[in-house]
Amino acid sequence: MKTYNELPADAGSDIIGQVTAQLNRLQKRLADVKHTVAIMSGKGGVGKSAITANLAAALALEGCAVGVVDADINGPSIAKMMGVRNAALHYSPAGVTPIVNALGIKVISMDLLLAEDEAPVLWNAHTQKDAFTWRATMEVGALREFIGDTEWGALDYLLLDLPPGTDKLPNVVELLPNLGGVLVVTIPSEVSQFIVKKSLAMAQHILNVPIIGVIENMAFHICQHCGEKEPLFSTDEPLWEETLGSIPFDAKLAYCSDKGMPYVREYPDTPASLALTAVAGKIQHFFKET
Ligand SMILES: Nc1ncnc2c1ncn2[C@@H]1O[C@H](COP(=O)(O)OP(=O)(O)O)[C@@H](O)[C@H]1O
Ligand SMILES: [Mg+2]
């Protein structure tokens with residue numbers, strides 16, 4: 001089996017170290033990163049990656065130096081959404097240089113390590129010819145390498161798009177004891193909110209991580225013909241008392257995500273873009289206060 005360090009011919013062999021050494025390196029790598037922000041949700045498909053990509057874009061458009069880690073190793077989508085799916089990573093003994101997208105955002109994703117669009121990410125896939133295999137069987141190991149072997153340089157914000165599941169945050173906190181804050185994404189369905197409330201409780205009470213806030217995605221749809229708001233999910237139950245923002249469904253956002261275009265720059269005046277930009281402003285405000 002190979003690690004991504006070993007993928008390009010002969011480079012990078014001396015960056016493979018022991019876990020402790022890697023953790024130390026991780027701290028050093030992040031020395032010039034001002035704020036790390038984890039984006040999580042209990043559920044998949046609620047728009048976490050699309051929101052991460054657009055918050056990164058909104059922060060970059062405001063002049064911040066931004067990096068994004070696609071920590072969803074089994075369903076990587078950040079590279080595609082941020083328009084760098086076809087870029088190749090550069091390796092040197094000093095580490096991996098992240099891809100820089102059109103807005104100057106530094107991106108690292110498992111996607112950038114997969115040769116074929118169709119290649120699945122499989123753990124322990126000894127026999128599958130086209131599958132990318134990883135030496136670690138644990139996501140956390142891969143994530144540690146992802147963050148620890150990347151030359152991030154100076155950043156205002158490093159956003160981590162976490163995989164779905166409430167169990168991921170403890171791993172991240174273990175790797176990043178100075179995690180600046182957590183953004184929680186939900187959609188207004190009871191099922192999603194139920195799970196998200198569990199994630200929030202764990203983050204707040206067990207891990208003691210600062211919560212920046214909840215983002216309600218696909219909150220409603222605005223009719224193109226009459227301009228009226230149409231709810232997309234059942235909203236009988238009261239939603240969150242306070243959210244950082246409610247992002248409406250907009251087919252143009254889905255289109256831009258598929259095409260790797262920054263929606264907030266392409267369509268800056270739509271209700272969804274305005275809501276996303278406002279959330280980016282609240283994130284900056286949060287860190288000014290803390
Ligand atoms: N507000 C929105 N309006 C339209 N499409 C959206 C919106 N939020 C997310 N999407 C789309 O929904 C799909 C799932 O979103 P994604 O970000 O991949 O979810 P997750 O990362 O939580 O699994 C993607 O195709 C994405 O472009
Ligand atoms: Mg995702």
Side-chain angles (χ1 to χ4, degrees), residues 37-58 68-85 105 107-112 114 117 120-121 139 142-143 146 159-169 172 182-189 191-196 198-200 214-224 229-233 235 239 243-280:
V37 177
I39 293 97
M40 68 176 232
S41 73
K43 274 183 72 64
V46 298
K48 211 162 17 67
S49 302
I51 284 182
T52 304
N54 278 286
L55 288 179
V68 178
V69 179
D70 188 348
D72 192 349
I73 283 155
N74 289 301
S77 42
I78 281 294
K80 186 167 173 59
M81 287 185 180
M82 300 192 70
V84 295
R85 177 63 186 88
I105 301 166
V107 182
I108 194 110
S109 169
M110 175 65 105
D111 253 2
L112 300 168
L114 300 172
D117 275 352
V121 179
E139 277 173 326
L143 189 55
F146 253 29
L159 308 184
L160 290 102
D161 180 18
L162 298 190
T166 48
D167 55 329
K168 311 297 175 184
L169 195 60
V172 173
V182 170
L183 289 169
V184 188
V185 181
T186 182
I187 55 173
S189 74
V191 174
S192 172
Q193 293 187 66
F194 173 71
I195 300 172
V196 162
K198 279 190 187 187
S199 323
L200 256 183
V214 175
I215 300 170
E216 191 187 43
N217 189 30
M218 308 198 205
F220 50 90
H221 177 252
I222 297 172
C223 175
Q224 281 185 357
K229 275 187 181 183
E230 298 163 339
L232 289 168
F233 296 91
T235 48
L239 299 180
T243 61
L244 285 179
S246 288
I247 322 287
F249 183 90
D250 183 351
K252 293 192 286 296
L253 195 162
Y255 177 82
C256 285
S257 301
D258 281 350
K259 299 294 170 201
M261 300 190 302
Y263 167 79
V264 287
R265 190 188 66 182
E266 299 294 316
Y267 300 98
D269 300 321
T270 55
S273 273
L274 294 173
L276 284 160
T277 307
V279 172

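All ligand and atom numbering here is 1-based and tracks the order in the structure. The shown structure was predicted, so the numbers you read here are calculated from the model rather than taken from an experiment.
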Query raised in the report: Going from CZ on F146 to CG on L112, what distance comes out if it is rounded to the nearest 0.5 angstrom?
Result: 7.5 Å
Query raised in the report: Is the Mg ion (ligand 2) under 2.8 Å from any N, O or S atom of S77?
Result: no
Query raised in the report: Hey, is D72 touching ligand 1 through its side chain, its backbone, both or neither, going by heavy atoms under 4.0 Å?
Result: neither
Query raised in the report: Given A254, G44, A50, which has its nearest heavy atom closest to atom 17 (O) of ligand 1?
Result: A50
Requested in this report: Number the atoms of ligand 1 from 1 as they appear, then name those within less than 4.0 Å of a heavy atom of S257, with their elements.
Outcome: 27 (O)
Query raised in the report: Please state which protein non-hydrogen atom is closest to atom 12 (O) of ligand 1 and give its distance, to 0.1 Å?
Result: M218 CE, 3.7 Å
Query raised in the report: So which heavy atom in the protein is nearest atom 15 (O) of ligand 1, and how far is it from that ligand atom?
Result: G47 CA, 3.4 Å
Query raised in the report: Strictly by modelled atom types, are D250 and Y267 linked by a side-chain donor-acceptor pair under 3.5 Å?
Result: no
Requested in this report: Please determine if S49 has a nitrogen or oxygen closer than 3.5 Å to a nitrogen or oxygen of ligand 1.
Outcome: yes
Requested in this report: State the atoms of ligand 1, each with its element, that fall below the 4.0 Å cut-off from a heavy-atom position in V46.
Outcome: 19 (O), 20 (P), 22 (O)
Query raised in the report: For residues Q193 and T186, is any side-chain donor paired with an opposing acceptor at under 3.5 Å?
Result: no
**Report entry** Heavy-atom nearest neighbour in the protein, as seen from atom 14 (C) of ligand 1, with distance rounded to 0.1 Å
**Finding:** G45 O, 4.1 Å
Query raised in the report: So which bit of P248 gets within less than 4.0 Å of ligand 1, heavy atoms only: side chain, backbone, both or neither?
Result: backbone
Query raised in the report: So which protein heavy atom does atom 3 (N) of ligand 1 come closest to, and at what separation?
Result: D250 N, 3.0 Å
Report task. Report yes if some N/O of N217 lies less than 3.5 Å from some N/O of ligand 1; otherwise report no. Result -> yes
